[in-house]
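Data block below; observations after.
Atom set for the values below is all heavy atoms of this structure, side chains included, hydrogens, waters and symmetry mates excluded. Sequence positions, counted from 1, serve as the residue numbers for this chain.
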Amino acid sequence: MARFELKLPKMGESVAEATITNWLKQVGDKIEADEAVLEIATDKVDSEVPSEVSGVLVEQLFGKDDLVQVGQTIAIIETDGAAIAEIVQEIAAPVAVAAIEKTVDVAKEAVAVPADFSNSEKFLSPLVKNIAKEEGVTVAELESISGTGKDGRVTKNDILEYVKDRTSRPVVAAVQKIISAPVTQKAAPISLSGGDEIIEMDRMRKLIAGYMVASVQTSAHVQSFIEVDVTNIVKWREKNKIAFEKREGEKLTYTPIFMEAVAKALKDFPGMNISVDGDFIIKRKNINLGMAASLPNGNLIVPVIKNADQLNLVGMAKAVNDLGGRAKAGKLKPDDTQGGTYTVTNVGTFGSVFGTPIINQPQVGILALGAIRKMPAVIETPEGDFIGIRQKMFLSHSYDHRVVDGALGGSFVKRVAEYLEAFDIDRAF
């Protein structure tokens, strides 16, 4: 019998580690090639790890809730033939090495928990180590600091200057504060009766809670609302949705139409397609639209449509349906949720007329789409004004008042509305 090492696979360019959430196979269980062995979770996406070979699981090297690095061996499988195992190992080895090398690069940029400073390749004085431990500075962060001491050593002033600059990045500081806060802390005492039930938040809900509180503590949220006449869009979709599905094999919803308008407006107002990093503003080259979608457990996630401004309506519809479908099925990949520059959420799905969404950090804006409703409205014509029934909705734009003023925030959402109201009812798809 040959022993095959099942390693945590590479899950995306920006993912360096994952948490084991459930073992689907136990020691002694038979496993077929490509059969899922365990479930893992990153900070955004849950997924399964399949076996590359057939055999018997003989050892689990990590337990539930353990954090594992990409490329680490997580289980041992005994295979039916040494030759098969050797071939698989030859194929897997260079992949694992590349994954580990990538992990090192990513880890140097990531915010992680404090570690043993004896692992650092740099000489660190006891004073520097103590300051790092007190401030929650990791080994990876220390490795990134350019020391001004002899032979590049990190001095007291170097570490203090780094900590000072680090705390100017409020999102990192806020999330770290939330994560490190004792679970026993409560805003106020809660009284329980005999019929009450205590339910612990799942991992995803805890993360979402941390992100939302951190965003509110970081960005100065302000909102602009605008009402939009989408009658032409409603009529066009009703006229074309059956033919669209027959030709493209995709359902035609309102979402890709709205996403197309948002992408156009972001090209007109690049000041909304930015990120904030401390005292610096990063102008994003690509327009990557995040779209809030539901997960199987009811939580929300924000997969990203990359280079949305380069897609036509058909391409946008396919992207929206693909990401939305895989989100509902729990099949999103880690990279599917990375790199967003602006986010859209459809609160109208739940019947809400408008909402005040929380910004998805480090972005500076998020647009909520309200429910489409039939409304009486004044219609202006060359012959005069009259009252008619129109399809209308509200757009709710939340933006970061630290870097986006009312003129820009209001002008942007107004431009989105103008694109929607100018939609060509005779347009071909």
Please name all residues satisfying salt bridge (charged side-chain N to carboxylate O under 4.0 Å, His left out) with Lys241, sequence neighbours left out, ordered by chain then number. Glu238
Should we count [atom1] of [X] as having more than 12 external heavy atoms under 6.0 Å?
X      : atom1 : answer
Lys333 : NZ    : no
Lys235 : NZ    : no
Lys306 : NZ    : yes
Glu380 : CD    : no

Non-hydrogen atoms of [X] and [Y] that approach each other most closely:
X      : Y      : result
Ala308 : Met316 : O-CE, 3.4 Å
Val70  : Glu17  : CG2-N, 4.1 Å
Thr42  : Ala18  : CG2-CB, 4.3 Å
Pro296 : Gly330 : CG-N, 3.7 Å
Ala220 : Asp400 : N-OD1, 3.3 Å
Ala265 : Tyr419 : N-CE1, 3.8 Å

Does a salt bridge link Lys7 with Glu5, judged by any charged N lying under 4.0 Å from a carboxylate O? yes
Any ion pair linking Arg326 and Asp322 (charged N to carboxylate O, less than 4.0 Å)? yes
Taking side chain as C-beta onward, heavy atoms only, is [X] less than 4.5 Å from [Y]?
X      : Y      : answer
Phe258 : Leu395 : no
Gln60  : Lys25  : no
Leu323 : Asp336 : yes
Val404 : Met272 : yes
Tyr254 : Ile372 : yes
Asn307 : Leu311 : no
Val276 : Ile282 : no
Met291 : Thr343 : no

Can you check side-chain contact (heavy atoms from CB on, under 4.5 Å) on Gln391 and Arg373, steps first, answer last? CA-CA 5 Å; Gln391 300 275 4; Arg373 302 178 300 157; over 6 Å; no
When rounded to the nearest 0.5 angstrom, what distance separates [atom1] in [X] from [atom2] in [Y]?
X      : Y      : atom1 : atom2 : answer
Ile366 : Asn360 : CD1   : CG    : 6.5 Å
Arg427 : Ile425 : CZ    : CD1   : 13.0 Å
Met259 : Asp309 : CE    : CG    : 13.0 Å
Ile40  : Asp66  : CD1   : CG    : 13.0 Å
Glu248 : Phe429 : CD    : CZ    : 7.0 Å
Leu266 : Ile287 : CG    : CD1   : 5.0 Å

Sidechain-backbone polar pair: [X] side chain, [Y] backbone, donor-acceptor under 3.5 Å:
X      : Y      : value
Arg237 : Leu252 : yes
Thr21  : Glu39  : yes
Asn321 : Glu250 : no
Trp23  : Phe62  : yes
Thr337 : Pro334 : yes
Gln69  : Leu8   : no
Ser215 : Tyr211 : no
Ser396 : Phe225 : no
Gln338 : Asp335 : no
Asn273 : Asn286 : yes

Test side-chain contact (heavy atoms from CB on, under 4.5 Å) on Ser294 and Leu300 and set out the steps. CA-CA 5 Å; Ser294 297; Leu300 292 179; 3.7 Å; yes
Validation: residues 348-359 side-chain donor-acceptor distances under 3.5 Å, sequence neighbours left out:
unit_1, atom_1, unit_2, atom_2, d
Thr349, OG1, Asn346, O, 3.3
Thr349, OG1, Asn346, ND2, 3.4

Pair Phe394-Val228, side-chain contact (heavy atoms from CB on, under 4.5 Å): steps then yes or no: CA-CA 6 Å; Phe394 282 99; Val228 190; over 6 Å; no
With sequence neighbours excluded, what pairs up with Ile387 under the side chain to side chain contact (heavy atoms under 4.5 Å, CB included) test? Pro376, Val378
Holding to side chain to side chain contact (heavy atoms under 4.5 Å, CB included), I want the full list of residues that pass it with Asp405, two or more places apart in sequence or in another chain. His401
Trp236: what forms a ring-ring contact (aromatic ring centres under 6.0 Å, His included) with it, not counting sequence neighbours? Phe423
Test side-chain hydrogen bond (donor to acceptor under 3.5 Å, both in side chains) applied to Ser51 and Glu35, step by step: CA-CA 6 Å; Ser51 173; Glu35 186 176 7; over 6 Å; no
Would you sort out whether Gln363 and Thr341 count as a side-chain hydrogen bond (donor to acceptor under 3.5 Å, both in side chains), showing the intermediate values? CA-CA 6 Å; Gln363 300 167 23; Thr341 61; over 6 Å; no
Test of ring centre spacing under 6.0 Å for Tyr342 and Phe412: yes
Mark yes or no: Arg415 above the aromatic ring of Phe269, with NZ or CZ under 6.0 Å from the six-membered ring centre and no more than 45 degrees from the axis. no
For Leu313 and Ile257, run side-chain contact (heavy atoms from CB on, under 4.5 Å): C-alpha distance rounded to whole Å, both residues' side-chain angles, the deciding distance at 0.1 Å, then the answer. CA-CA 7 Å; Leu313 188 58; Ile257 300 174; 4.0 Å; yes
Can a side-chain donor-acceptor contact be found between Gln223 and Ser398 if the only test is distance below 3.5 angstrom? yes
Residue pairs meeting salt bridge (Lys or Arg N to Asp or Glu O under 4.0 Å), one or both in residues 214-232, sequence neighbours left out, come to Asp229-Arg390
